[in-house]
Amino acid sequence: MAKNDKPKKEKKQGTGVVKWSVITVVAVILCVALVYANTLAFGSAQVINIYLGISTTKTVDGDDSAVYYETGYDSTEELEAHDKEIAEQLAGEGIVLLKNDNDALPLASGSAVSTFSHSVVDIVTCGTGSADIDTSAAPTLKEALEDVGFSVNSTLWDFYETGAGSEYVRAPGKGSSLGSRGEWNINEVPVSVYTDDVTASFSEYNDAAIVVLSRVAGEGSDLAMDGFVDGTNVLELTTEEQEMLEMVGENFDTVIVLINSTNAMECDFIDNEAYGIDAALWIGYTGTWGLNSVADILVGNTNPSGRLVDTYCYDNTTAPSVVSMYGYTWANFDETDTDNWDEFCQG
């Protein structure tokens with residue numbers, strides 16, 4: 001009996017070791033995942049709270065009979081309607097007309113237009129970090145254009161929204177806080193991805209092409225300036241954007257560009273004959289109702305009276321300040337040469 005008991009005991013002991021090894025591995029994986037998820041959730045707390053409708057404040061021991069804030073409105077709906085009216089007025093007056101050749105703007109009411117770039121379905125409505133706001137009620141560009149009477153190329157729109165073009169997503173996105181400039185990616189849809197049925201739709205909606213160029217930057221998402229795609233910087237056009245504009249210029253007589261950025265992009269492309277750009281508008285970040293103002297400007301209901309508060313250069317690298325942006329190291333500095341640190345600091 002003793003001979004038979006020993007193998008059984010060893011087998012049971014070996015099974016226990018394997019079991020605890022598996023449990024340990026799983027526990028380590030869960031621990032790492034929990035730490036990462038906690039960091040991600042904390043960094044995106046504001047976005048998550050807005051999405052889930054969670055309030056992060058409450059009134060304690062409040063006086064129900066007290067009037068804390070006087071209001072001139074009879075209902076929340078009346079207040080929101082007034083806010084919308086003011087927001088559209090401010091956006092319309094603040095948008096800047098950068099170029100308008102060949103009487104491109106305003107477009108005739110009822111014009112059939114095609115909207116270009118993945119940004120048309122992913123307009124930047126607000127900044128990042130504490131500049132993030134709830135713009136879930138904002139209309140799409142297509143809805144805003146249709147509301148003022150334009151006919152919008154649905155084949156092209158669906159290509160960006162749900163088709164092959166939907167796979168090209170910009171990073172960072174609205175409200176993001178990445179914390180790393182290495183994670184920047186404009187990711188415009190390459191010309192080679194446009195299908196035959198999409199390009200065939202251009203001729204049906206050929207009164208004008210509306211191209212949106214977007215950039216996101218802000219708290220937690222500083223601009224990437226060094227080592228970007230092909231050695232370019234994030235405020236100039238990528239190769240994919242250049243090729244898209246060339247395609248648009250070859251297929252449309254009227255080309256309108258909307259610059260959806262609060263950072264000063266390099267604007268040499270506006271006068272590049274290869275793109276055939278007739279009109280350009282700086283629209284900034286559009287907030288909840290700004291796209292309605294954009295549509296009103298395009299159709300002539302609103303006159304854009306804004307002015308740039310900064311210089312938009314053809315080449316941002318001509319600014320001396322660019323040389324020392326984002327931690328560039330002095331060419332003659334050696335971090336291992338500690339004996340000469342005082343000399344460098346004094347210099």
Side-chain angles (χ1 to χ4, degrees), residues 95-108 111-123 141-142 145 150-161 163-165 168 170 186-215 229-230 232-261 264-283 294-295 297-299 304 312-316:
I95 288 172
V96 182
L97 181 64
L98 302 176
K99 180 178 183 179
N100 190 25
D101 290 348
N102 306 315
D103 295 325
L105 293 177
L107 297 172
S111 294
V113 300
S114 293
T115 55
F116 285 89
S117 97
H118 180 269
S119 291
V120 297
V121 298
D122 190 20
I123 291 284
L141 178 60
K142 184 173 184 289
L145 294 175
F150 291 125
S151 177
V152 181
N153 186 339
S154 58
T155 300
L156 181 59
W157 182 272
D158 292 344
F159 166 76
Y160 291 121
E161 189 172 48
Y168 296 82
R170 179 183 60 246
I186 303 304
N187 210 22
E188 185 52 65
V189 183
V191 170
S192 59
V193 177
Y194 289 76
T195 59
D196 291 340
D197 63 320
V198 172
T199 56
S201 69
F202 297 169
S203 60
E204 186 177 353
Y205 296 86
N206 200 252
D207 290 331
I210 300 173
V211 183
V212 177
L213 300 175
S214 302
R215 294 294 187 273
V229 180
D230 300 328
T232 62
N233 69 71
V234 74
L235 292 176
E236 62 181 303
L237 298 186
T238 64
T239 299
E240 289 76 16
E241 287 176 320
Q242 294 173 26
E243 292 176 348
M244 174 187 65
L245 281 173
E246 289 178 358
M247 175 184 68
V248 171
E250 292 170 356
N251 287 276
F252 293 83
D253 292 332
T254 301
V255 178
I256 301 165
V257 170
L258 307 179
I259 298 180
N260 177 214
S261 170
M265 291 187 64
E266 292 188 4
C267 289
D268 57 320
F269 65 88
I270 291 180
D271 291 325
N272 190 325
E273 293 183 1
Y275 306 144
I277 297 172
D278 300 286
L281 290 166
W282 174 84
I283 66 172
V294 172
I297 289 171
L298 293 176
V299 79
Y312 276 42
C313 302
Y314 277 10
D315 181 359
N316 283 340

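What you see is a predicted model; the values in this text were computed from it and never measured. Just the heavy atoms: all of them, side chains too, but no hydrogens, waters or symmetry mates, feed the values below.
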Side chains of Phe150 and Tyr205: does their closest heavy-atom pair fall under 4.5 Å? no
query = Are any of the side-chain heavy atoms of Ile210 and Leu258 separated by less than 4.5 Å?
reply = yes
### Query
Just by modelled atom types, is the Val113 backbone N or O under 3.5 Å from a matching donor or acceptor in the Asp207 side chain?
no
Closest non-hydrogen atoms of Phe252 and Ala209, given as atom of the first, atom of the second and distance, are CG-CB, 3.6 Å
Can you tell if the side chain of Lys142 reaches within under 4.5 Å of the side chain of Ser154, non-hydrogen atoms only?
yes
All heavy atoms of Pro304 vs all of Leu97, minimum pair found to be CG-CB, 4.0 Å
| request: Identify whether the distance between the nearest side-chain nitrogen and carboxylate oxygen of Arg170 and Asp122 falls below 4.0 Å. | output: yes
Rounding to 0.5 Å, atoms CG (Asp253) and CG (Asn102) come to a distance of 10.0 Å
| said: Just so I know, are the side chains of Leu145 and Val294 near enough to count as touching, which here means a heavy-atom distance under 4.5 Å? | reply: no
| Quick check: does any side chain N or O of Asn272 sit under 3.5 Å from a backbone N or O of Ala274, one acting as donor and the other as acceptor? | yes
From the list Phe202, Tyr275, Tyr160, ring pair (Phe, Tyr, Trp, His ring centres under 6.0 Å) partner of Phe116 resolves to Phe202
Smallest heavy-atom separation, Val255 atom then Gly249 atom, equals CG2-CA, 4.4 Å
Check your understanding: Checking His118 side chain against Tyr168 main chain: does a donor-acceptor pair fall under 3.5 Å?
Key -> yes
Does Val212 offer a backbone N or O that forms a donor-acceptor pair with the side chain of Ser117 under 3.5 Å?
-> yes
Are the side chains of Ile95 and Trp282 in contact, using a 4.5 Å heavy-atom criterion?
no
With a 6.0 Å cut-off (strictly less than), is the heavy-atom count around CG of Asp315, excluding the residue itself, greater than 12?
yes
Side-chain contact, heavy-atom cut-off 4.5 Å: Ile186 with Glu241? yes
* **Leu107/Val299 under side chain to side chain contact (heavy atoms under 4.5 Å, CB included): CA gap, chis, key distance, verdict** => CA-CA 5 Å; Leu107 297 172; Val299 79; 5.9 Å; no
Rounded to the nearest 0.5 angstrom, the CG-OG1 distance for Asn251 and Thr199 is 8.0 Å
One should read off an interatomic distance between Leu281 CG and Ile256 CD1, to the nearest 0.5 angstrom, of 7.5 Å
Check your understanding: In terms of side-chain geometry, is the basic nitrogen of Glu266 or Arg215 positioned less than 4.0 Å from the acidic oxygen of its partner?
Key -> no
**Q.** Any donor-acceptor N or O pair under 3.5 Å, side chains Thr155, Ser201
**A.** no
Between the OG atom in Ser114 and the CD atom in Glu204, the distance rounded to the nearest 0.5 Å is 9.0 Å
Checklist entry - Below 4.5 Å, heavy atoms only, C-beta onward: do Cys267 and Ile259 meet side chain to side chain? => result yes
Determine yes or no for a side-chain-to-main-chain donor-acceptor pair under 3.5 angstrom, with Gln242 supplying the side chain and Leu237 the backbone. yes
CD1 of Ile277 to CG of Asp101, rounded to nearest 0.5 Å, is 10.5 Å
The reported gap from CG in Asn260 to CD1 in Ile123 (rounded to nearest 0.5 angstrom) is 4.5 Å
Correct closest heavy-atom pair for Leu141 and Val120 would be CB-O, 4.0 Å
Quick check: do Val257 and Leu213 have side-chain heavy atoms less than 4.5 Å from each other?
yes
Minimal heavy-atom distance between Leu156 and Thr115, with the atoms involved, is CD2-O, 2.9 Å
- Show your working on side chain to side chain contact (heavy atoms under 4.5 Å, CB included) between Met244 and Val189 and close with a plain yes or no. CA-CA 8 Å; Met244 174 187 65; Val189 183; over 6 Å; no
Q. Any sub-3.5 Å donor-acceptor pair from Lys99's side-chain atoms to Asp278's backbone N or O?
A. no
